[in-house]
Number of protein chains: 2
Amino acid sequence: MRDREPVTTERIVATAVALLDEGGAHGLTMRRLAGRLAVTATALYWHVKTKDDVLDLAVDRIFGDVPLPAAGADWRDDARGLLREWRLAMLRHPWAPGLIGRPVVGPNVLARTEFLQSALARGGYAGRRLTVITRVLANYVIGSALTEATGRAAPDDDLFEAGLDAIL
Amino acid sequence: MRDREPVTTERIVATAVALLDEGGAHGLTMRRLAGRLAVTATALYWHVKTKDDVLDLAVDRIFGDVPLPAAGADWRDDARGLLREWRLAMLRHPWAPGLIGRPVVGPNVLARTEFLQSALARGGYAGRRLTVITRVLANYVIGSALTEATGRAAPDDDLFEAGLDAIL
DNA sequence: ACCTGAACACCGTTCAAGT
DNA sequence: ACCTGAACACCGTTCAAGT
């Protein structure tokens, strides 16, 4: 009852991210989420259709922290900088890579993917070659984050960078 | 009560895979699993420590279907053949990529990773370069399977193959 | 428009008890 | 050794009702 800011979708998502950071996928519960917002669990369903919605929003939310710089001089630096930050954002929220498999693509993820693609296009890639290289890079980042975030492989910035060297 | 074969860990895992195939991560329930085996939910806990154990076993189980050929003449064919089958196994069980993020590595996954690494070693990779290329390839496969299995990207064998061309 | 309360149909897991 | 039954502390979600 300390909590008197109105419940908004934004506050729901922010709190969901906090809960996920604290307890992993296991830590997010509609009831717990509601408790944090000083509201009944059932109240959430006025703002949000389902728990899966909350998960989708939470995943997209953390990609909002990946800086989307203005296109710089060097397209390669632009692309690699984005991929670097992309990976780091997921390592900061280790529950994210496993959830990235959800079918929904949020606006933040979309914007970053498009930035990557346009940087590569400036590098001379086009058509099918552009599609291939974009996918290879994006999938490499996702796979890396997934294995590193769960401790299956120790996070290693240099190794990740060396992998980029091998591709781009 | 039709079911009179004894409950074993193997049967538990096989049934778990079936349940996951039918209903995704959402479809696997200790109670449902037990029902299929004509046994009480609590009986499972004699064979298995926790539901997470079942998930780990199920993930490793499907990698047992990835053929581990004898090392052939062409190391590149060996490596790419394995990666191809690896991806296909995950696409046959779309719940798997998202669960691959669990910390536990089972023996089947381990054996396949080692086969990949040894094929690449035959190709002349060694030391740090070997580590890097192994990771790049494994992470590319995992990332591809993750995005394709959930319909975020349409599965496309040729595109996947073209990605391999760009790396190896 | 926004929230509560009660209710429904579930969960995973523990533990004493049976055979 | 292997399984049951009862129990505990939870879940997500719907829906009528309140303000």
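Below, chains carry the letters A, B, ... as their sequence lines are ordered, and counting in each starts from 1.
Atoms NE2 (B:His26) and P (D:dC11) sit 16 Å apart, rounded to a whole Å. Whole-Å rounding puts the B:Arg32 CZ to D:dC11 P distance at 19 Å. Atom-to-atom, CG of A:Leu37 to P of C:dC3 comes out at 10 Å; the value is rounded to the nearest Å. Nucleotide C:dC11 holds its C1' atom 14 Å from the CG atom of B:Leu55, rounded to whole Å. Going from atom CZ of B:Arg11 over to atom C1' of D:dC2 covers 14 Å, rounded to whole Å. One can place CD1 of A:Ile12 at 13 Å from P of D:dG12, the figure rounded to the nearest angstrom. Distance CD (A:Glu5) to P (C:dC2): 16 Å, rounded to an integer number of Å.
The side chain of A:Lys51 has D:dG12 as its nearest neighbour among C:dC11, D:dG12, D:dC3. For A:Arg31, whose side chain is taken as the heavy atoms from C-beta onward, the closest listed nucleotide among C:dC3, C:dC11, D:dC11 is D:dC11.
Within residues 14-24 of chain B, no residue has any heavy atom closer than 4.0 Å to DNA chain C. Annotation: proximity of residues 40-50 of chain A to DNA chain D (heavy atom, distance under 4.0 Å) is found for A:Thr42, A:Tyr45, A:Thr50, numbered in ascending order.
Between D:dC10 and C:dC8, the distance separating the two C1' atoms is 15 Å to the nearest Å.
Put simply, the side chain of B:Leu120 reaches to within 4.5 Å of the side chain of B:Leu168, judged on heavy atoms. With contacts defined as side-chain heavy-atom distances shorter than 4.5 Å, the pair B:Ser118/B:Trp75 does not qualify.
Under a 3.5 Å cut-off, the side chain of B:Arg152 and the backbone N or O of A:Ile100 do form a donor-acceptor pair.
Nearest heavy atoms, A:Ile142 versus B:Gly143: CG2-CA, 4.3 Å.
For B:Asp165 and B:Arg80, the salt-bridge test passes: some basic side-chain N is under 4.0 Å from an acidic carboxylate O.
A distance of 9.0 Å separates CZ in A:Phe160 from CG in A:Leu91, rounded to the nearest 0.5 Å.
Sequence neighbours left out, the pairs with a member in residues 15-26 of chain B that pass side-chain hydrogen bond (donor to acceptor under 3.5 Å, both in side chains) are B:Asp21-B:His93, B:Asp21-B:Trp95, B:Glu22-B:Arg36. The list of side-chain hydrogen bond (donor to acceptor under 3.5 Å, both in side chains) pairs with a residue in residues 119-136 of chain A, not counting sequence neighbours, reads A:Asp78-A:Arg122.
Within a 6.0 Å sphere centred on CZ of A:Arg61, heavy atoms belonging to other residues, nucleotides or ligands number 12 at most.
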Distance-only donor-acceptor pairs under 3.5 Å for side chains of residues 43-57 of chain A, two or more places apart:
unit_1	atom_1	unit_2	atom_2	d
A:Lys51	NZ	A:Leu28	O	3.0
A:Asp52	OD1	A:Arg102	NH2	3.2
A:Asp56	OD1	A:Arg102	NH1	2.8

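Paired regions of DNA chain D, where each region holds three or more successive Watson-Crick or G-U pairs whose two hydrogen-bonding distances fall under 3.5 Å, are C:4-8 with D:12-16, C:12-16 with D:4-8.
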Are A:Asp157 and A:Arg87 close enough, and set up right, to give a salt bridge (charged side-chain N to carboxylate O under 4.0 Å, His left out), and what steps lead you there?
CA-CA 10 Å; A:Asp157 294 351; A:Arg87 165 171 168 274; 3.1 Å; yes
